[in-house]
Number of protein chains: 2
Amino acid sequence: MARPRTFDEGIALDTAMRLFWRKGYEATSTRDLCETLGLDRSSVYNAFNSKHELFKRALTHYIETTTAAATEILDDHTRSPADRIRALFGRIIADEWANRHEDRNQGCLTVNTTVELAGRDPEIAALLDRDLRHRLSALQVVIGAGRAAGDITSRRDPADLARYVNSVIAGIRVAARGGAGRADLEAVAETAMDALTR
Amino acid sequence: MARPRTFDEGIALDTAMRLFWRKGYEATSTRDLCETLGLDRSSVYNAFNSKHELFKRALTHYIETTTAAATEILDDHTRSPADRIRALFGRIIADEWANRHEDRNQGCLTVNTTVELAGRDPEIAALLDRDLRHRLSALQVVIGAGRAAGDITSRRDPADLARYVNSVIAGIRVAARGGAGRADLEAVAETAMDALTR
DNA sequence: ACCGTTCTACACCGCTCGATGCAAAACCTG
DNA sequence: CAGGTTTTGCATCGAGCGGTGTAGAACGGT
């Protein structure tokens with residue numbers, strides 16, 4: 001019926017996501033994006049309407065991917081609950097190294113965006129907030145199970161412990177983006193577990 | 001000998017710091033700065049040379065202020081070492097609420113800048129790295145003292161524990177900027193202490 | 001083979017960016 | 001009060017920004 005696309009929208013979205021992830025929203029120009037995607041500006045605007053909408057889709061794509069990976073680990077009933085939290089830390093640290101760019105870790109697009117945009121972009125803030133609630137409730141479920149199973153011995157409210165784990169993850173992400181070494185991040189994660197299994 | 005300034009450079013620097021803190025480097029234009037400072041652009045450029053140099057000075061000013069406040073707490077020998085770490089968390093959380101803007105926490109300029117610029121601005125990265133080392137060594141000293149005094153019972157390497165505390169602080173800062181409530185942050189801080197006093 | 005529709009390439013829009021030039025104003029020194 | 005120096009106000013610069021208009025190329029349906 002009409003001329004088909006010469007590019008895969010999903011691949012373009014993933015590539016755009018990685019550029020936003022690395023450079024941030026403001027520092028990524030639409031021309032940067034087009035060059036990286038290998039597409040003309042009119043193609044990008046035709047497919048994604050605006051830089052802001054492209055970013056929203058890229059962030060959503062990141063959240064979906066990250067949530068899927070986290071869910072796979074947190075729902076793995078072959079592991080004990082505490083081990084699942086440990087494995088989540090391990091996966092996050094491994095991903096930092098898998099996604100390095102020019103000897104530098106990228107951190108996490110969610111954390112980066114929270115810092116850069118949450119305070120002045122309500123649409124983005126809403127996306128981030130929804131994702132935060134999902135992560136907190138997923139963590140809380142596992143922590144609750146761990147307390148029932150006895151391998152998470154902290155007597156604190158599981159909601160608080162979930163907040164704590166989530167904050168430590170954010171801290172690890174910031175440290176990674178700040179240039180911390182892998183051993184440093186692993187030590188932070190192991191130490192963080194002590195508060196759950198005390 | 002010549003016409004004197006009509007403004008206080010220190011106050012201008014502090015005001016600029018607060019604007020960068022709230023909006024980030026890229027999202028703050030030199031025109032924003034001039035309007036907020038109540039100064040003409042030529043005055044700002046005459047005093048600070050460039051946006052980038054102004055930012056470096058603002059960041060340095062922030063680091064000095066923050067370091068002074070943290071040192072005061074961490075060197076307070078009237079408190080036990082563990083209590084000093086606790087007080088540091090408390091101070092950080094209190095400052096988040098003291099510096100709120102339009103019902104939103106600001107986080108920490110150091111964390112925000114690490115996320116936004118550390119990966120692509122070597123000068124800024126060097127400033128942040130130097131500050132990070134100072135903070136880690138200050139924390140490590142207190143943690144070492146706590147272990148000697150017996151109120152920090154974790155057997156982990158004090159350097160790792162210092163990294164851990166610093167990461168938790170970064171995580172709290174991100175959570176604050178993401179809209180977490182005060183009780184949430186306090187729960188994270190209390191939980192984090194459990195890993196030191198287990 | 002042609003038509004209708006969509007996509008692509010390229011030029012271009014108005015605007016804002018960081019930064020500068022210049023002349024008038026304001027001060028201190030002598 | 002005149003001379004020398006710096007600051008200030010305003011205009012302006014080239015570059016890059018996000019976004020658009022348009023003409024023609026590339027397809028699928030008939």
Side-chain angles (χ1 to χ4, degrees), chain A residues 1-60 112-113 116-117 120-124 127, chain B residues 1-60 112-113 116-117 120-124 127:
Chain A
M1 187 115 64
R3 180 176 177 178
R5 293 247 165 95
T6 59
F7 65 96
D8 183 311
E9 192 172 304
I11 292 174
L13 186 61
D14 191 77
T15 307
M17 175 198 83
R18 288 171 194 282
L19 193 62
F20 280 129
W21 186 359
R22 174 151 51 88
K23 300 186 51 167
Y25 178 74
E26 297 288 352
T28 302
S29 75
T30 56
R31 283 157 178 91
D32 285 340
L33 282 163
C34 291
E35 195 173 343
T36 303
L37 302 185
L39 298 177
D40 189 85
R41 297 165 52 67
S42 54
S43 295
V44 170
Y45 274 89
N46 180 46
F48 300 106
N49 296 321
S50 72
K51 180 185 176 184
H52 193 259
E53 279 195 35
L54 173 54
F55 183 79
K56 280 193 292 184
R57 287 194 55 185
L59 178 60
T60 301
N112 299 353
T113 304
E116 187 183 2
L117 296 176
R120 64 192 164 87
D121 189 324
E123 280 186 87
I124 300 294
L127 286 175
Chain B
M1 189 123 57
R3 180 174 179 179
R5 293 246 166 96
T6 60
F7 65 96
D8 183 312
E9 190 171 305
I11 292 175
L13 186 61
D14 190 76
T15 308
M17 176 198 82
R18 289 171 194 281
L19 194 61
F20 280 129
W21 186 1
R22 174 151 50 89
K23 301 186 50 167
Y25 178 74
E26 297 288 351
T28 302
S29 75
T30 56
R31 284 157 179 91
D32 285 339
L33 282 162
C34 291
E35 194 173 342
T36 303
L37 302 185
L39 299 176
D40 188 85
R41 299 165 51 66
S42 54
S43 296
V44 171
Y45 274 89
N46 180 49
F48 300 105
N49 296 322
S50 71
K51 180 186 177 184
H52 192 258
E53 279 195 35
L54 173 54
F55 183 79
K56 280 194 292 184
R57 288 193 55 184
L59 178 59
T60 301
N112 299 353
T113 305
E116 187 183 2
L117 296 176
R120 64 193 165 85
D121 189 323
E123 281 186 87
I124 300 295
L127 286 175

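Remember, predicted model here, so these are calculated numbers, not experimental data. Letters go in sequence order (proteins before strands), and every chain restarts at 1.
- Between the CD atom of B/E35 and the P atom of C/dC17 there is a distance of 11 Å, given to the nearest Å.
- For D/dT7, the OP1/OP2 oxygens have no side-chain nitrogen or oxygen of B/S43 closer than 4.0 Å.
- Under a 3.5 Å cut-off, the side chain of B/E116 and the backbone N or O of A/G24 do not form any donor-acceptor pair.
- Using a 4.5 Å heavy-atom threshold, the side chains of B/L13 and B/L54 count as touching.
- Test A/L39, A/T28, A/V44 against A/L33 for side-chain contact (heavy atoms from CB on, under 4.5 Å) and you get one pass: A/T28.
- Minimum atom distance to the side chain of B/R3 is reached by C/dA26, of the listed C/dA19, C/dA26, D/dC27.
- In this structure, A/E53 places its CD atom 15 Å from P of D/dG18, rounding to the nearest Å.
- Taking atom CZ on A/F7 and atom C1' on C/dC7, their separation rounds to 9 Å, with Å as the unit.
- In terms of heavy-atom proximity, B/E9 sits nearest to B/R5 at OE1-NH1, 2.6 Å.
- Between the OH atom of A/Y45 and the C1' atom of D/dT20 there is a distance of 9 Å, given to the nearest Å.
- Nucleotide C/dT6 holds its P atom 15 Å from the CD atom of A/E9, rounded to whole Å.
- One can place CG of A/N46 at 18 Å from P of D/dG18, the figure rounded to the nearest angstrom.
- Of the listed nucleotides (D/dC10, D/dT6, C/dT6), D/dC10 has the atom at the smallest distance from the side chain of B/S42.
- Of the two residues contacting DNA chain D, namely B/R41 and B/T6, the nearest-nucleotide position lying further toward the 5' end is that of B/T6.
- Distance CD (A/E26) to P (C/dG18): 11 Å, rounded to an integer number of Å.
- Distance B/F48 CZ to C/dA19 P: 14 Å, rounded to the nearest Å.
- Atom NZ of A/K56 and atom CG of A/N49 lie 9.5 Å apart (nearest 0.5 Å).
- Look at A/S29 and you won't find any side-chain N or O under 4.0 angstrom from OP1 or OP2 of D/dG16.
- Residue B/T28 is the one, among B/T28 and B/A2, whose nearest nucleotide of DNA chain C lies closer to the 5' end (criterion: closest heavy atom).
- Here the nucleotide nearest the side chain of B/D40, chosen from C/dG18, D/dG9, D/dG18, is D/dG9.
- For A/R31 against D/dG16, no side-chain N or O and base N or O form a donor-acceptor pair under 3.5 Å.
- Distances from the side chain of B/T30 to the nucleotides D/dT20, C/dG18, D/dT8 place C/dG18 closest.
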